[in-house]
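Scope of the values below: all heavy atoms of this structure, side chains included, with no hydrogens, waters or symmetry mates. All values reported here derive from a predicted model rather than from experimental measurement.
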Amino acid sequence: MRRALPAVIIIFIAIISGVALYRHFKYGSSRLTGGYERPAGKDVLSVAIELSPMTYDPTTGDSVKGYDYELLSKIARRHNLKIAYHPYTNVEEALKGLDEGIYDVVVGDLTSTTDLRERGYVLTKDVYLDHQVLAQRLDSAGASPKIDAPQKLRLVDSIWVPSGIHYRRRMENLSAELGDSLHFVAAPGATSEHLAIAVAIGDIPYAVVSAEAAEIIQKDYPLLDLSTPISFNLFQTWAVAPGDSALADSLNHWIDEAAD
């Protein structure tokens with residue numbers, strides 16, 4: 001089911017993408033020092049990283065925030081690694097860049113499922129846990145959400161989801177579990193943050209989003225409800241190009257070290 005992206009999502013993507021590009025060119029690549037052999041002799045590790053409050057958020061103050069960004073920065077400091085960050089909002093475009101050798105790693109809202117492995121990508125070990133929730137808007141009185149269980153999604157005309165394949169796969173599996181078709185709209189270029197904000201301001205009615213990302217922005221949108229779970233816990237991971245197991249092994253080693 002295809003529909004045009006609401007204007008507020010397009011504008012929001014343009015704004016945060018512009019901020020990210022400004023920071024990228026203003027501050028340049030992360031050139032950090034430490035002491036560790038670079039993977040495959042690389043001078044710079046090219047990382048496609050999702051624009052998201054959980055992953056890479058350049059919109060707050062003078063510093064970039066985000067769990068994945070901070071973890072990568074910690075790894076870079078320890079291991080004499082220079083990192084060039086390439087922010088993205090459309091994960092399929094980022095994965096295409098991985099296929100074409102433009103990027104070495106894709107970091108963002110990726111889950112450790114069979115879908116990415118079947119496409120040949122080598123996944124790192126789990127970085128953190130997340131799960132999918134339904135974003136919906138409470139009424140002005142803060143009443144209980146209209147949809148309080150996944151089974152009630154069959155009553156909804158349209159549900160927006162980010163472009164990641166695991167969101168579409170979850171909706172397809174949920175349709176099979178319910179024995180009914182769920183009408184969902186894939187939104188290429190829109191992240192969980194975009195869709196949660198669009199729901200909060202009333203631009204779209206419902207969206208299935210990352211709980212970790214949406215909960216960060218929920219404090220700024222008191223009418224945004226995230227209380228209805230859509231999935232069990234999902235292991236979040238990073239992806240490297242097909243066949244690049246050496247880089248994946250290095251990243252796994254560094255993730256372990258950074259967690260100590």
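Considering OG of S163 and CD of E50, their distance stands at 7.5 Å, rounded to 0.5 Å. For the atom pair CD (Q132) and CD (E212), the distance works out to 12.5 Å, reported to the nearest 0.5 Å. Here the CG-CD distance, from L226 to Q136, works out to 9.0 Å after rounding to the nearest 0.5 Å. L116 contributes atom CG, which lies 8.5 Å from atom OG1 of T237 (distance to the nearest 0.5 angstrom). Between atom CD1 of residue I102 and atom CD of residue E93 there is a gap of 10.5 Å, rounded to the nearest 0.5 Å. Here the CG-OH distance, from L45 to Y85, works out to 8.5 Å after rounding to the nearest 0.5 Å.
You'll find the side chain of Y56 stays beyond 4.5 Å of the side chain of D68, heavy atoms only.
With H194 contributing its side chain and T191 its backbone, the two residues share a donor-acceptor pair below 3.5 Å. A donor-acceptor contact shorter than 3.5 Å links the side chain of N252 to the backbone of A248.
In this structure, L224 and A196 approach most closely via the heavy-atom pair CD1-O, 3.7 Å. The two atoms that bring S192 and S210 nearest to each other are OG-N, 2.8 Å, heavy atoms only. Here the shortest heavy-atom pairing between H183 and D157 reads CB-O, 3.0 Å. Of all the heavy atoms in S112 and R117, the pair that sits closest is OG-NH2, 3.3 Å. Between T228 and I147, the shortest heavy-atom contact is OG1-O, 2.7 Å. The two residues A258 and I75 come nearest to each other via the heavy atoms CB-CG1, 4.2 Å.
In the hydrophobic clustering of ILVMFWY residues, with side-chain heavy atoms under 4.5 Å counting as a link, Y167 and V156 come out together. Put simply, I201 and V199 are part of the same group of oily side chains (I, L, V, M, F, W, Y) that touch within less than 4.5 Å, one to the next. At a threshold of 4.5 Å between side-chain heavy atoms, the hydrophobic network of Ile, Leu, Val, Met, Phe, Trp and Tyr places V91 and V127 in two separate groups. Linking ILVMFWY side-chain heavy atoms closer than 4.5 Å, directly or via other members, places W238 and L110 in two distinct hydrophobic clusters.
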Test salt bridge (Lys or Arg N to Asp or Glu O under 4.0 Å) applied to R77 and E257, step by step: CA-CA 12 Å; R77 285 193 296 271; E257 283 189 337; over 6 Å; no
Residues L72, I83; criterion side-chain contact (heavy atoms from CB on, under 4.5 Å); working and verdict: CA-CA 8 Å; L72 282 163; I83 301 180; 4.2 Å; yes
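Salt-bridge annotation for D115 and R169: present, with a side-chain N of the basic residue lying under 4.0 Å from a carboxylate O of the acidic one.
Clustering of Ile, Leu, Val, Met, Phe, Trp and Tyr side chains at separations under 4.5 Å places F235 together with L129.
In summary, of the residues considered (T124, D109, T111), a side chain to side chain donor-acceptor pair (under 3.5 Å) with Q236 occurs for D109 alone.
Annotation: ring-ring contact (aromatic ring centres under 6.0 Å, His included) contacts involving residues 88-138, sequence neighbours excluded, comprise Y67-Y128, H86-Y103.
Between the side chains of S175 and R154, no donor N or O sits under 3.5 Å from an acceptor N or O.
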